[in-house]
Colleague: 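Have a look at the structure that comes next, please.
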Amino acid sequence: METWNQNRGTQGKQWIQHRIAHGLIGMIALIGLLLVRYAYVQLVRGADYTERLQAQVQTDAKMQSPRGKILDRDGRELAVTTVTKSIYIDPNNAADEDQDMIADGLAPLIGLTPKDIHDALAKGGGFVWLKHFLTQDEYEAARAFIHDHELTDCIGFNDEPKRFYPNDVLAANVIGFVGTEDKGLDGIEQAYDSLIKGETTEREIFTDRDDRPILDSVFQKGAYAGSRCKTVQLTIDSTMQFTVEQELDRAMAENNPAAVTCVVMDPKTGDVLAMASRPSYNPNQFYDYAPETWKNRAVSFIYEPGSTFKSVVAGAALQEKVVTPNQVFVDPGYVMVSGRRIQNWNGASFGTVTFTDVVKQSLNTGFAQVGLRLGAENLMKYAKLFGFGEPTDIGLPGEEAGILFDPDDMRASDIATTAIGQSIAVTPIQLVRAMAAIANDGVVLKPHIVKSIQNADGSTYMESQREEVGRALESATDKTLVGLLEQVVASGGGKKAAVKGYRIAGKTGTAQKIRPDGAGYMEGRYIASFCGFAPVEDPRIVVLVMIDDPGTGNFYGGQIAAPVAQRIFAQLLRYLRVEPSTDPFSDMEKTQREKPRPEPKKYEGEIPTGMIVMPDFTGLSIRAAAQKAAAVGLQFESEGSGTAVSQSIPANTLVEQGTEVHVTFGQ
């Protein structure tokens with residue numbers, strides 16, 4: 001029995017061992033078959049299967065790196081890029097029987113008409129854009145339609161960069177805009193297009209069964225490291241730009257002009273802090289605006305500067321010692337030069353005056369005499385020293401050079417008219433640079449609109465530096481000239497640009513507009529301007545305001561351009577935290593203690609011919625007071641805001657018609 005049990009156990013072990021051996025042989029055989037099959041798939045049919053796989057889940061796609069940003073001087077975004085879908089159609093692969101279905105079904109999903117799609121199909125070929133820059137909803141709806149109707153062979157999408165301007169109109173004429181295919185078409189976008197333009201590369205990406213990209217395959221492997229997609233940082237300060245543009249909008253409403261332009265510059269560096277024009281446009285929808293509004297008038301508009309150019313003439317005359325501040329002139333009201341009559345802005349004679357008065361009152365007769373003393377050579381020499389007659393090379397497209405005389409071709413009348421700012425043409429940026437040189441101790445700087453450019457990896461590609469072009473005036477001469485220009489604002493024709501508590505220097509200008517064909521001037525059409533700087537003791541900003549063809553009947557620079565500059569100065573000096581030169585509230589206590597003004601005594605005598613009785617303006621608004629003065633033939637000047645509290649000539653005084661009365665307004 002025991003022997004039988006032992007034999008039975010031995011047989012059982014042998015049976016188990018045989019089963020294990022058979023199992024191992026089977027597994028080895030199976031693995032061998034798998035290896036043979038794998039070898040067959042990989043080596044024999046591998047290329048075929050790979051091609052089939054790629055045809056099902058892999059596609060070629062253009063990958064677009066984003067266009068570089070445009071920033072303001074503090075790093076705030078002025079222009080950025082997003083990548084959006086654009087839809088195209090392949091007419092060659094669109095079956096005839098499907099075309100009506102495509103047109104009727106797809107058109108309403110992407111904001112087109114069936115006719116638009118039929119027109120695209122009629123063009124033929126293998127590629128026609130249907131619509132650029134789809135919204136996300138449009139893209140999702142179109143993609144579902146294409147999938148449901150199995151139209152992937154004839155309709156597809158491409159990634160396209162879309163430029164976005166988060167501040168809409170702000171600095172539009174400086175920044176410009178981008179058209180299709182990521183091409184800059186104006187402003188900084190055009191000037192630096194080759195540096196900030198995005199780069200397109202072709203890559204193979206994997207898609208799912210619905211033809212959607214598998215996310216990992218569309219991600220860039222590492223940061224872009226090419227030579228494009230640079231970031232451009234401007235010298236523009238967004239806050240100052242916004243302030244300027246608000247005041248230009250107000251000037252447009254108040255004066256109804258054809259256009260208004262303003263430039264603000266740092267006279268110590270040449271950095272342009274603000275540059276704006278009106279009318280303007282929204283670069284996000286640039287196609288909705290007339291091309292004329294795209295123009296940056298600060299660099300591309302040339303005009304006769306009028307009396308603002310007298311700042312340059314006065315500096316040249318002082319430098320050449322043909323005049324001194326206290327030199328006496330006799331003003332007859334007009335002078336005849338080579339048969340041409342040159343008269344003062346108001347046609348009146350100011351009698352015996354000093355050169356300081358000639359500058360303060362902007363007397364054409366005095367400057368004509370000074371110009372003749374300087375001569376053609378000196379006049380053109382100093383115009384060029386201040387930067388007129390050639391582009392400033394600021395780096396913006398469309399910059400004009402302006403127009404100057406050849407000294408050899410100048411007659412006496414040309415010299416005289418040039419001295420009063422006529423017969424030559426300048427751009428606003430040239431005039432700002434010249435005034436900045438006066439504010440900068442006579443040294444002319446190159447203006448900058450670009451502060452720096454950074455590569456895509458963050459390294460610095462370019463950084464602008466203060467660049468001296470040359471010296472226009474000696475330091476001592478420049479200080480004398482600054483003193484004269486300060487008096488223009490303190491008590492001369494530019495007093496409406498004055499800001500209480502601050503010392504401001506500048507010059508007004510009023511010039512007739514030249515006919516488009518260059519043959520003379522347009523009757524009753526003017527350009528009013530003011531250009532100055534502040535504070536005099538340590539200049540921080542230069543401001544130019546130019547009002548083109550005001551439509552209100554008031555066209556003098558001292559009347560309509562200077563007040564705009566005054567508001568800009570007041571706000572920007574506070575923004576820059578510039579301490580006042582004097583206490584602007586020093587006389588407030590005295591004013592508050594003043595007793596009520598007694599009623600003026602009525603004029604009871606006979607009123608001679610050509611004389612009028614001065615009205616009482618007390619308590620009237622600026623508009624009402626101006627209308628009352630105009631009704632009796634007075635020249636009206638105002639200061640302050642609110643209601644009239646005092647006037648330079650007492651009410652009921654007998655005065656000549658045309659007399660100027662200065663009315664102060666307050667609360």
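No hydrogens, no waters, no symmetry mates; every other heavy atom, side chains included, goes into these values. Model, not experiment: these values are computed from the prediction.
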Colleague: Can you list the residues that meet the side-chain hydrogen bond (donor to acceptor under 3.5 Å, both in side chains) rule with Lys162, with sequence neighbours excluded?
Modeller: none

Colleague: Keeping the roles fixed (side chain from Asn296, backbone from Ala298), state whether a donor-acceptor pair exists under 3.5 Å.
Modeller: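 Yes, the answer is positive, given that a donor and an acceptor are paired below the 3.5 Å cut-off.
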
Colleague: Give a yes or no on whether the ring-centroid distance for Phe569 and Tyr502 is below 6.0 angstrom.
Modeller: no

Colleague: Indicate whether any N or O donor in one side chain lies under 3.5 Å from an N or O acceptor in the other, for Ser280 and Asn173.
Modeller: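 Yes, side-chain donor-acceptor contact under 3.5 Å.
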
Colleague: Does any donor atom in the side chain of Lys496 or Gln566 lie under 3.5 Å from an acceptor atom in the other side chain?
Modeller: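 Per modelled atom types, Lys496 and Gln566 side chains form no pair under 3.5 Å.
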
Colleague: Supply the atom-to-atom distance Asp549 CG to Tyr526 OH, rounded to the nearest 0.5 angstrom.
Modeller: 11.0 Å

Colleague: Taking Gln190 for its side chain and Pro397 for its backbone only, find out whether a donor-acceptor pair lies under 3.5 Å.
Modeller: no

Colleague: Distance alone, cut at 3.5 Å: any donor-acceptor contact between the side chains of Gln571 and Glu247?
Modeller: yes

Colleague: Can Glu189 and Lys183 be said to form a salt bridge (Lys or Arg N to Asp or Glu O under 4.0 Å), step by step?
Modeller: CA-CA 8 Å; Glu189 297 279 29; Lys183 183 173 180 59; over 6 Å; no

Colleague: Regarding Asp119 and Lys123, does a basic nitrogen lie under 4.0 Å from an acidic carboxylate oxygen?
Modeller: no

Colleague: Mind checking whether Phe177 and Tyr165 have ring centres under 6.0 Å apart?
Modeller: no

Colleague: In terms of heavy-atom contacts, does CD of Glu97 have more than 12 from other residues, nucleotides or ligands at under 6.0 Å?
Modeller: yes

Colleague: Is a side-chain N or O of Ser300 found less than 3.5 angstrom from the main chain of Gly398, in a donor-acceptor match?
Modeller: no

Colleague: Could you walk me through whether Leu106 and Ile87 satisfy the side-chain contact (heavy atoms from CB on, under 4.5 Å) test, starting with their C-alpha distance in whole Å, then the side-chain angles of each, then the deciding distance to 0.1 Å, before giving a yes or no?
Modeller: CA-CA 11 Å; Leu106 182 60; Ile87 188 170; 4.1 Å; yes

Colleague: Check Val542 against Cys531 and note the closest heavy-atom contact, atom names and distance.
Modeller: CG1-SG, 4.3 Å

Colleague: Working to the nearest 0.5 Å, report the span between CZ of Phe386 and CG of Leu431.
Modeller: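 The distance works out to 11.0 Å.
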
Colleague: Take Ile429 and Met265 through the side-chain contact (heavy atoms from CB on, under 4.5 Å) test and state the conclusion after the steps.
Modeller: CA-CA 9 Å; Ile429 190 64; Met265 180 184 286; 4.0 Å; yes

Colleague: Is there a donor in the side chain of Thr235 and an acceptor in the side chain of Asp271, or the other way round, less than 3.5 Å apart?
Modeller: no

Colleague: Could you give me the CA-CA distance, side-chain angles and deciding distance for Ile453 and Tyr192, then say whether side-chain contact (heavy atoms from CB on, under 4.5 Å) is met?
Modeller: CA-CA 10 Å; Ile453 300 176; Tyr192 294 88; 3.9 Å; yes

Colleague: Under 3.5 Å, is there a donor-acceptor pair between the Gln233 and Ser452 side chains?
Modeller: yes

Colleague: Any donor-acceptor pair under 3.5 Å linking the side chain of His149 with the backbone of Phe145?
Modeller: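 Confirmed, His149 side chain pairs with Phe145 backbone.
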
Colleague: Answer yes if the side chains of Thr552 and Asn554 hold a donor-acceptor pair under 3.5 Å, and no otherwise.
Modeller: no

Colleague: Heavy-atom count around Lys69 NZ within 6.0 Å, excluding the residue itself: above 12?
Modeller: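 Incorrect, the count does not exceed 12.
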
Colleague: I'd like to know whether the aromatic ring centres of Tyr88 and Phe127 sit less than 6.0 Å apart in this structure.
Modeller: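 Ring centroids of Tyr88 and Phe127 are less than 6.0 Å from each other.
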
Colleague: Picking from Ile188, Val174, Ile175, Leu71, what satisfies side chain to side chain contact (heavy atoms under 4.5 Å, CB included) with Leu78?
Modeller: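 When Ile188, Val174, Ile175, Leu71 are each tested with Leu78, the side chain to side chain contact (heavy atoms under 4.5 Å, CB included) holds only for Ile175.
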
Colleague: So, using salt bridge (charged side-chain N to carboxylate O under 4.0 Å, His left out) as the criterion, who are the partners of Asp74 when residues are at least two apart?
Modeller: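 Counting only residues at least two positions away or on another chain, Asp74 forms a salt bridge (charged side-chain N to carboxylate O under 4.0 Å, His left out) with Arg76.
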
Colleague: Between Lys131 and Glu138, does any side-chain N to carboxylate O distance fall below 4.0 Å?
Modeller: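 Yes, charged N to carboxylate O under 4.0 Å.
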
Colleague: If you compare all heavy atoms of Pro66 against all heavy atoms of Cys229, which two are closest, and at what distance to 0.1 Å?
Modeller: O-SG, 3.2 Å

Colleague: Does Glu304 pair with Arg515 as a salt bridge, N-O distance under 4.0 Å?
Modeller: no

Colleague: Of the non-hydrogen atoms in Ile547 and Ile560, which two are nearest, and what is the gap between them?
Modeller: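 Answer, listing the atom of Ile547 first, then Ile560: CD1-O, 3.5 Å.
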
Colleague: Just wondering, more than 12 heavy atoms not from Phe133 lying within 6.0 Å of its CZ?
Modeller: yes

Colleague: When you check the gap from the basic side-chain N to the acidic O, do Arg73 and Asp237 get nearer than 4.0 Å?
Modeller: no

Colleague: The test is side-chain contact (heavy atoms from CB on, under 4.5 Å); show your working for Ile568 and Thr243 and say whether it passes.
Modeller: CA-CA 7 Å; Ile568 292 172; Thr243 298; 5.6 Å; no

Colleague: Apply salt bridge (Lys or Arg N to Asp or Glu O under 4.0 Å) to Arg540 and Asp266, showing your working.
Modeller: CA-CA 6 Å; Arg540 296 286 302 279; Asp266 183 338; 6.0 Å; no

Colleague: May I ask you to check whether Ser459 and Gln454 show a side-chain donor-acceptor distance below 3.5 Å?
Modeller: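 No.
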
Colleague: Going by distance alone, is a donor N or O of one side chain under 3.5 Å from an acceptor N or O of the other, for Thr81 and Arg163?
Modeller: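 Note: Thr81 and Arg163 side chains meet the donor-acceptor criterion.
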
Colleague: Are Glu245 and Arg278 close enough for a salt bridge, meaning some N to O gap below 4.0 Å?
Modeller: yes

Colleague: Going by atom types only, do Tyr281 and Asp288 share a side-chain donor-acceptor pair under 3.5 Å?
Modeller: no

